[in-house]
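Below: one structure, written as structure tokens.
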Amino acid sequence: MDDARYDADDATIAAHDDGFPFDAVAPPIFQTSLFTFPSYADMLRRFRREAPTEIYSRVGNPTVAVLEDKIARLEKAEAAVAYNTGMAAISGVLFSLVKAGDRVVCVRHVYPDAYRLFNVLAKQLDIAVEYVDGQDFDAVRAALPGARLLYLESPTSWTFETLDLPALAAAAQGAGVVSVVDNSWATPVFQKPLTHGIDLVLHSASKYLNGHSDTVAGVVAGSQALIDRLNDIATPYLGAKLSPFDAWLVTRGLRTLDARMRQHQQSGLRIARRLTEHPAVEAVHHPGLRAACPTLTGSSSLFAMTLSDSIDIPAFCDALHLFKLGVSWGGYESLALPAMITLQQQGGPNSAVDFGVSPRLVRLHIGLEDEQALWADLAQALDQASATTQTRGGEE
Ligand SMILES: *Cc1c(COP(=O)(O)O)cnc(C)c1O
């Protein structure tokens, strides 16, 4: 079967397990800090890495391993490792593969906290990060020689630009640079970057993979050699391993991943299309509305819209009922995030300011609620917010 597509085998990997005690259909939660050894000889074998058993849950736990194994297989990777947030996955990759004096090439409009990690902590440790327009292939290729890591998101945050992953992967490989893609938006249901030559894929599992907005988690998948590097450095020393209970929650979320993603895709596309026809909406930034991106086999439901000057954005936000105001995405509930607020966010370098995100942008996550009800909520909020502008205009 075509490795790049999410197929019946993947659905089985996501939803079925075998070999649990008592033939339990769901995995047990091994809520334990350490694992004991029956003898001196057994303990010695384990410490010499001649046996695969667990020692301590900061480094490995069987409940977490169930999730890691599923992610590795879904992303067509040899191995995976799970961390307690998506940011721990990102910092784990960075600090396991990059050292002082090295340079990272990073796509513009990267996730805001990744940007802060690069511009604060990486900078303090003398790691340089050079930002490039990921759609400008010549610019990326020119930046690669001598770099250590190529850090990508496709689509990117806020602007939802898609990248030519096979070409970028080949260019990175040619320059001896490790390539990594944040695949949180597409999930392995809609994009499998490793099948296009990318070296590492990472996720904020807090989003669609878990899918229920009830935990934060991260995963990284790739070759055994690269995951071994993470397991030798990030896992024991940064100490951000995922906990057994949170791994169990994400594993539970994976069972419905493909059904949820199909519903998100359908409602997301329909609402995005209706928004393009709304007079108060200047543009809708949704990869599914543009010319097909060859590596995406579908689209999730996070996108942005540019509202015209006729809309009072704070009034629009306050008029929403079903959509809640909030960060994050990937759960049941629909959410709105106005760029106007992000542009004023304090606490370090601000990627929205530095990359010039428009204050007229509002990001939407289309959740699993009734699609007609979601559309009605957006339409009435746009109506109210344009009426507000007109009234205010009249008062002046
Ligand atoms: C949320 C997010 C992250 C960070 O993940 P956390 O689990 O919140 O640490 C990284 N990348 C993208 C694209 C995200 O949306």
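Both ligands and their constituent atoms are indexed starting at 1 by order of listing. All values reported here derive from a predicted model rather than from experimental measurement.
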- request: Could you check whether the rings of H109 and F355 sit parallel, tilted or perpendicular, using 30° and 60° as the cut-offs?
  value: tilted
- prompt: Take atom CG in L238; do more than 12 heavy atoms of anything else shown fall under 6.0 Å from it?
  reply: yes
task: Any chance you could lay out the side-chain contact (heavy atoms from CB on, under 4.5 Å) test for H278 and M305, step after step, and finish with the verdict?
output: CA-CA 11 Å; H278 196 286; M305 57 180 174; over 6 Å; no
task: Looking only at protein heavy atoms, identify the closest one to atom 13 (C) of ligand 1 and say how far it is in Å.
output: D182 OD2, 3.3 Å
task: Give every residue pair that meets the ring pair (Phe, Tyr, Trp, His ring centres under 6.0 Å) criterion with at least one member in residues 194-223, sequence neighbours excluded.
output: Y208-H264, Y208-W329, Y208-H365
- request: Considering only non-hydrogen protein atoms, determine which one is nearest to atom 9 (O) of ligand 1 and report residue, atom name and distance to 0.1 Å.
  value: M87 N, 2.8 Å
- prompt: Which ring pair (Phe, Tyr, Trp, His ring centres under 6.0 Å) pairs, counting each pair once, include a residue from residues 11-44, with sequence neighbours left out?
  reply: none
query: So which heavy atom in the protein is nearest atom 6 (P) of ligand 1, and how far is it from that ligand atom?
result: G86 N, 3.3 Å
Contact check, W185 vs ligand 1, heavy-atom distance below 4.0 Å: no
- prompt: Could you state the interatomic distance from CD (E54) to OG (S57), rounded to the nearest 0.5 Å?
  reply: 7.5 Å
task: Identify the protein heavy atom lying closest to atom 7 (O) of ligand 1, giving its residue, its atom name and the separation to 0.1 Å.
output: S206 OG, 2.6 Å
message: Can you tell me if A217 contacts ligand 1 (heavy atom of the residue under 4.0 Å from the ligand)?
response: yes
- request: Any atoms of ligand 1 less than 4.0 Å from a non-hydrogen atom of W329? List them with their elements.
  value: 15 (O)
- request: Look at atom 15 (O) of ligand 1 and say which protein heavy atom is nearest, naming residue and atom and giving the distance to 0.1 Å.
  value: K207 NZ, 2.6 Å
Atom 4 (C) of ligand 1: nearest protein contact (heavy atom, Å): Y111 CE2, 3.4 Å
query: Between E282 and S308, does any side-chain donor sit less than 3.5 Å from a side-chain acceptor?
result: no
- prompt: Does an N or O from E153, backbone or side chain, lie closer than 3.5 Å to an N or O of ligand 1?
  reply: no
